[in-house]
Amino acid sequence: MNGLWMFAAAFFLTMSKAFANPACIVCTVAIGASLEIARKMGISDEVVGLWMGAFLALLGYWAIFWFDKKKWFFKGRDVLLMILSLSMAGFVYWKNMIWRPVVFGVLDPFFVSCLGGAMVFILSQKGYAYLKMKNNGHAHFPFEKVVLPVALLFLFSVVLEYYA
């Protein structure tokens with residue numbers, strides 16, 4: 001009986017209008033904290049790098065929005081903020097990582113997957129904007145902006161974990 005009430009509550013809550021920002025700062029911090037937990041659980045560094053790249057791209061977007069709010073505009077600002085944001089991956093695990101130049105003999109797989117995760121996140125946001133534009137400015141379903149990057153990152157995580 002308890003499960004039925006939980007199902008009913010979840011059903012009616014999903015049918016109501018959502019007032020939350022899917023990229024809120026609490027969600028962003030939770031993603032960042034879960035990365036270290038995932039490493040401690042033994043998930044491969046390539047998968048953690050994929051999610052870290054998406055997390056750092058999200059932080060880059062937050063920085064761009066903050067610069068917009070402050071009305072700080074200059075040439076190349078967005079690219080510079082994204083590069084600075086993505087370069088933080090090297091500083092986060094500076095002492096915890098062993099440099100393994102496997103990809104092309106120069107690049108570490110962690111950093112390559114970090115760049116891949118950033119690209120997946122950015123392309124999923126661009127894809128969401130395109131899908132929303134094609135649907136007269138409306139999302140196809142609630143939280144589509146969140147589901148697209150999470151689903152794509154999950155798909156690439158499975159591919160990296162089991163097939164790479």
Side-chain angles (χ1 to χ4, degrees), residues 10 13-40 43-97 103 106-160:
L13 286 175
T14 56
M15 292 297 138
S16 65
K17 188 173 181 178
F19 294 104
N21 180 2
C24 68
I25 194 67
V26 175
C27 301
T28 305
V29 169
I31 293 168
S34 67
L35 291 174
E36 188 61 29
I37 294 169
R39 285 194 80 226
K40 298 274 187 210
I43 296 176
S44 70
D45 285 339
E46 289 78 16
V47 174
V48 172
L50 186 77
W51 287 86
M52 176 173 263
F55 169 69
L56 292 175
L58 180 61
L59 288 181
Y61 276 126
W62 277 102
I64 290 169
F65 292 144
W66 188 71
F67 270 55
D68 285 344
K69 184 177 161 186
K70 295 289 186 181
K71 298 186 182 354
W72 294 343
F73 300 102
F74 53 88
K75 186 175 180 169
R77 176 197 71 163
D78 296 351
V79 173
L80 176 67
L81 289 173
M82 274 299 181
I83 289 172
L84 288 174
S85 175
L86 291 175
S87 65
M88 283 192 286
F91 298 112
V92 172
Y93 292 123
W94 183 265
K95 294 181 181 179
N96 298 337
M97 296 290 293
V103 182
V106 209
L107 301 172
D108 186 74
F110 175 78
F111 295 113
V112 171
S113 65
C114 189
L115 290 174
M119 293 306 296
V120 167
F121 180 78
I122 291 168
L123 291 175
S124 70
Q125 293 303 305
K126 301 282 185 195
Y128 167 72
Y130 175 76
L131 290 172
K132 187 175 174 182
M133 180 194 67
K134 286 293 200 182
N135 198 26
N136 296 326
H138 298 287
H140 292 84
F141 52 89
F143 296 106
E144 182 180 14
K145 187 176 185 177
V146 176
V147 170
L148 280 176
V150 170
L152 287 173
L153 285 167
F154 178 75
L155 176 73
F156 280 100
S157 296
V158 169
V159 168
L160 275 177

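Hydrogens, waters and symmetry mates are skipped; everything else that's a heavy atom, side chains included, is used. All residue numbers refer to positions in the sequence shown, counting from 1.
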Practice prompt. Could you tell me the separation between the SG atom of Cys114 and the CD atom of Glu46, rounded to the nearest 0.5 Å?
Written response: 12.0 Å

Fill in: Contacts of Lys134 that satisfy side chain to side chain contact (heavy atoms under 4.5 Å, CB included) - sequence neighbours left out
Tyr130

Discussion item. For Leu86 versus Ala57, what's the shortest heavy-atom pair and its separation?
Written reply: CD2-N, 4.0 Å

Discussion item. Minimum heavy-atom separation for Trp51 and Phe154, please, with both atom names.
Written reply: CZ2-N, 3.9 Å

Worksheet item: Nearest 0.5 Å, what's the CG-CD distance between Leu152 and Gln125?
Response: 10.0 Å

Worksheet item: How about Phe111 and Leu115: do any of their side-chain heavy atoms sit closer than 4.5 Å?
Response: no

Worksheet entry | side chain to side chain contact (heavy atoms under 4.5 Å, CB included) partner of Asn135, chosen from Met133, His138, Lys132 | His138

Worksheet item: Is the shortest heavy-atom distance from the side chain of Arg77 to the side chain of Ile64 under 4.5 Å?
Response: yes

Discussion item. Which heavy atom of Leu59 sits nearest to which heavy atom of Met88, and what is that distance?
Written reply: CD1-CE, 4.2 Å

Worksheet item: Counting heavy atoms not belonging to Tyr61, are there more than 12 under 6.0 Å from its OH?
Response: yes

Fill in: Within-4.5 Å side-chain heavy-atom neighbours: Phe55 and Phe121
no

Worksheet item: Which atoms form the tightest heavy-atom contact between Gly60 and Ser85, and what is the distance?
Response: N-OG, 3.3 Å

Item to complete: Give the minimum heavy-atom separation between Gly116 and Leu50, together with the two atoms involved.
Response: C-CD1, 4.1 Å

Worksheet item: Does the side-chain contact (heavy atoms from CB on, under 4.5 Å) test come out yes or no for Leu58 and Trp62, once each step is laid out?
Response: CA-CA 6 Å; Leu58 180 61; Trp62 277 102; 3.9 Å; yes

Item to complete: Nearest 0.5 Å please: distance from the CG atom of Leu80 over to the CZ atom of Phe67.
Response: 8.0 Å

Practice prompt. Grab the two heavy atoms, one from Phe110 and one from Val48, that are nearest each other, plus how far apart they are.
Written response: CE1-C, 4.3 Å

Practice prompt. For the residue pair Asp68 and Phe73, establish whether any side-chain heavy-atom pair is separated by less than 4.5 Å.
Written response: yes

Discussion item. Go through it in stages, so that I can follow the logic: the residues are Glu144 and Leu148, the test is side-chain contact (heavy atoms from CB on, under 4.5 Å), and I'd like the CA-CA distance, side-chain angles, deciding distance and then a yes or no.
Written reply: CA-CA 6 Å; Glu144 182 180 14; Leu148 280 176; 4.2 Å; yes

Worksheet entry | Reported CG-to-CG distance for the pair Leu56 and Leu35, which is rounded to 0.5 angstrom | 8.5 Å

